[in-house]
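Naming: A, B, ... by sequence-line order, numbering from 1 per chain.
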Protein chains: 2
Amino acid sequence: MNENAQVSRISKGRRTEIRRENERVILDAAEKVFAEAGFGGATMQLIADMAGLPKANLHYYFPTKEALYRQVVRNIFEIWLHAADSFDDAPGPVEGIGRYIEAKMDISRRHPHGSKVWASEVMHGAPVIQDYLETTLRDWTAGRMAVIQRWIDEGKMAPVDPRHLLYMLWAMTQHYADFGHQIETLNHGRPLSDAQWHEATETVKTVILRGIGVI
Amino acid sequence: MNENAQVSRISKGRRTEIRRENERVILDAAEKVFAEAGFGGATMQLIADMAGLPKANLHYYFPTKEALYRQVVRNIFEIWLHAADSFDDAPGPVEGIGRYIEAKMDISRRHPHGSKVWASEVMHGAPVIQDYLETTLRDWTAGRMAVIQRWIDEGKMAPVDPRHLLYMLWAMTQHYADFGHQIETLNHGRPLSDAQWHEATETVKTVILRGIGVI
DNA sequence: CCACAACCTGACCATTCGGTCAACATAATT
DNA sequence: AATTATGTTGACCGAATGGTCAGGTTGTGG
């Protein structure tokens, strides 16, 4: 039994590796194309070309364009959720919100495509991930609002509506991904440098932390 | 000559009225459809149905789908530029930035479709209005940054990077339009009420104005 | 080595979309 | 009233797209 399982796992190794690698390549290409062209503007052929695979191969791994899109959106959602860990076990708003801003700015820089796909999905009425909004995101938001409210009650920060504070954090951090092209254009057509990203993060942190009365 | 011009103007009246009315109906429908489906996902047939006109009639007034889209984007851009008037002749950041936030929040509420079309256009690399970004928007930004820098130099507000402060203002105010569906979902599926819009605006104003050290 | 399953892909199809056009209707001009 | 200019529309077309499938290749277990 043990041996069988072992052998089975090893034998399956090659196949699963092929599958995992191809799915990864396809998802990466899809994320980029969906971000740059939107769901309607993206074509399976374009994604296939970018992935270096024949179009029919995409349909082998993902039955429909919508299924592929759905997976891309879900992957982004997962990354977002994990970013909130820094929020939880912080002693106060300075560390909690400060680290959350840093984490989200970092995601905006490293996953600009994903952020755009999410924005596009929500702007179009969230036809694919509406259930996520109503369950996971709603619970997540309620939990973080409670944390902020507790900080307020404990006198650790000024009484700011927790809900709108969260919206402000999302808006500012994601703006650097979603409107990256505009920001780049206003930066003489060049992407933000390391120093400029750091400057942006610090400015956001400073204004927000002072804005909630903890500086 | 005068009479001729007068007669000509009156005679032309009916025709120009028809043209203006139809263009308005088409542009309104197009703004909504482009916002909800993106450029690629929008179809001329859908816009025609929403406008209550046969599809061929759209092509009589706008030669191509792209020309129609271009006009929609330009209209939004105009609205945005006018919103900055409140910025200019303000004695200091409290009035200037405060009023600017109010004006932009108001636009987000009354023109959510336009804001989404703009966001979508920028996210896709601004293929249609890149020249606007490089000329009008760049000049506008430079001008407002100078105003903010002057306020800083005069000791009227804390030294905050003017560029990133502008980005923060754009991000937060437009978020309420672009992510309106998400906000609505997190508000028990209901649109924000008058009171809630007011609360959002006040929260943004409070955090920002305190964040730049003027409260 | 054989048989089975998983993987790959060129060719093909039905549908949809942006755009055209000829014929017609209405308003303006002479 | 006749003519011209402007507005209207159903029918149509070529191109592109999402998706299918039969037949092939490669890996896997016995």
Side-chain angles (χ1 to χ4, degrees), chain A residues 1-27 29-30 33-34 36-72 127-128, chain B residues 1-27 29-30 33-34 36-72 127-128:
Chain A
M1 188 88 150
N2 244 348
E3 263 187 21
N4 273 351
Q6 188 75 11
V7 169
S8 172
R9 225 178 297 147
I10 292 178
S11 328
K12 274 188 183 170
R14 176 81 184 117
R15 279 272 158 86
T16 51
E17 186 190 340
I18 290 177
R19 172 169 282 269
R20 197 164 39 208
E21 172 65 10
N22 280 340
E23 285 179 349
R24 193 189 61 78
V25 169
I26 293 171
L27 284 169
V33 173
F34 281 134
E36 288 175 352
F39 179 81
T43 70
M44 294 297 275
Q45 188 61 59
L46 209 63
I47 296 172
D49 292 346
M50 186 151 297
L53 294 171
K55 193 186 69 169
N57 211 350
L58 267 63
H59 282 99
Y60 176 75
Y61 287 102
F62 299 91
T64 64
K65 181 184 177 183
E66 190 181 318
L68 175 55
Y69 174 77
R70 190 187 306 268
Q71 191 59 50
V72 169
V128 170
Chain B
M1 194 87 149
N2 245 348
E3 261 186 23
N4 273 350
Q6 187 75 10
V7 168
S8 173
R9 224 179 295 149
I10 290 176
S11 326
K12 274 187 182 171
R14 175 85 184 114
R15 280 273 157 85
T16 51
E17 187 191 338
I18 290 177
R19 172 168 282 268
R20 196 163 41 206
E21 172 64 10
N22 279 341
E23 284 180 348
R24 193 188 61 78
V25 169
I26 294 171
L27 284 170
V33 173
F34 281 134
E36 288 174 353
F39 179 81
T43 69
M44 294 297 275
Q45 188 61 59
L46 208 64
I47 297 172
D49 292 347
M50 185 152 299
L53 293 172
K55 193 186 71 169
N57 211 348
L58 266 64
H59 282 98
Y60 175 74
Y61 287 102
F62 300 91
T64 65
K65 182 184 178 184
E66 190 181 317
L68 174 56
Y69 174 78
R70 189 187 305 267
Q71 191 58 49
V72 169
V128 169

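Residues satisfying the side-chain hydrogen bond (donor to acceptor under 3.5 Å, both in side chains) criterion with A:N22, sequence neighbours excluded, are A:Y61. Every residue two or more places apart in sequence or in another chain that forms a salt bridge (charged side-chain N to carboxylate O under 4.0 Å, His left out) with A:R24 is listed here: A:E21, A:D28. By the side-chain hydrogen bond (donor to acceptor under 3.5 Å, both in side chains) test, A:Y60 is found to be paired with no residue, residues two or more places apart in sequence or in another chain being considered.
Considering only heavy atoms from C-beta on, A:L68 comes within 4.5 Å of A:L27 through its side chain. At least one side-chain heavy atom of A:H59 sits less than 4.5 Å from a side-chain heavy atom of A:M44.
Contact record, A:G40 with A:K65: O-NZ, 3.9 Å, taken as the closest heavy-atom pair. The heavy-atom pair separating A:P54 from A:A48 by the smallest distance is C-CB, 4.1 Å. Heavy-atom minimum distance, B:A42 versus B:V33: CB-CG1, 3.6 Å. Shown here for B:V25 and B:A51, the closest heavy-atom pair between the two residues is CG1-O, 3.3 Å.
Rounded to whole angstrom, the span from the CD atom of B:E21 across to the C1' atom of D:dT6 amounts to 17 Å. One can place CG of A:N22 at 10 Å from C1' of C:dC8, the figure rounded to the nearest angstrom. Straight-line distance from the CG atom of A:L58 to the C1' atom of D:dT20: 14 Å, rounded to whole Å. The distance between atom CD of B:E23 and atom P of D:dT8, rounded to the nearest whole Å, is 11 Å. Whole-Å rounding puts the B:I26 CD1 to D:dT8 C1' distance at 12 Å.
The aromatic rings of B:F34 and B:Y69 sit perpendicular, their planes meeting at an angle over 60°, well past the 30° parallel limit.
In terms of position along DNA chain C, the nucleotide closest to B:H59 lies nearer the 5' end than the nucleotide closest to the other residue of the pair B:H59 and B:I18.
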Please write out the pairs of protein N or O atoms and N or O atoms of nucleotides 21-26 of chain C separated by less than 3.5 Å, giving the distance to one decimal.
{"residue": "C:dT26", "atom": "O2", "partner": "B:R15", "partner atom": "NH2", "Å": "3.1"}

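Listed by residue number, the members of residues 36-51 of chain B with any heavy atom below 4.0 angstrom from DNA chain C are B:A42, B:T43, B:M44. Contacts of residues 60-72 of chain B with DNA chain C (heavy atom under 4.0 Å): B:T64, B:K65.
Contact annotation: B:N57 does not reach the phosphate of D:dG10 (side-chain N/O to OP1 or OP2, under 4.0 Å).
Taking CD1 from A:I26 and CD1 from A:I47, the interatomic distance works out to 9.5 Å, rounded to the nearest 0.5 Å.
For A:R19, the side-chain atoms get nearest to C:dC7 when compared with the rest of C:dC7, D:dT8, C:dT9.
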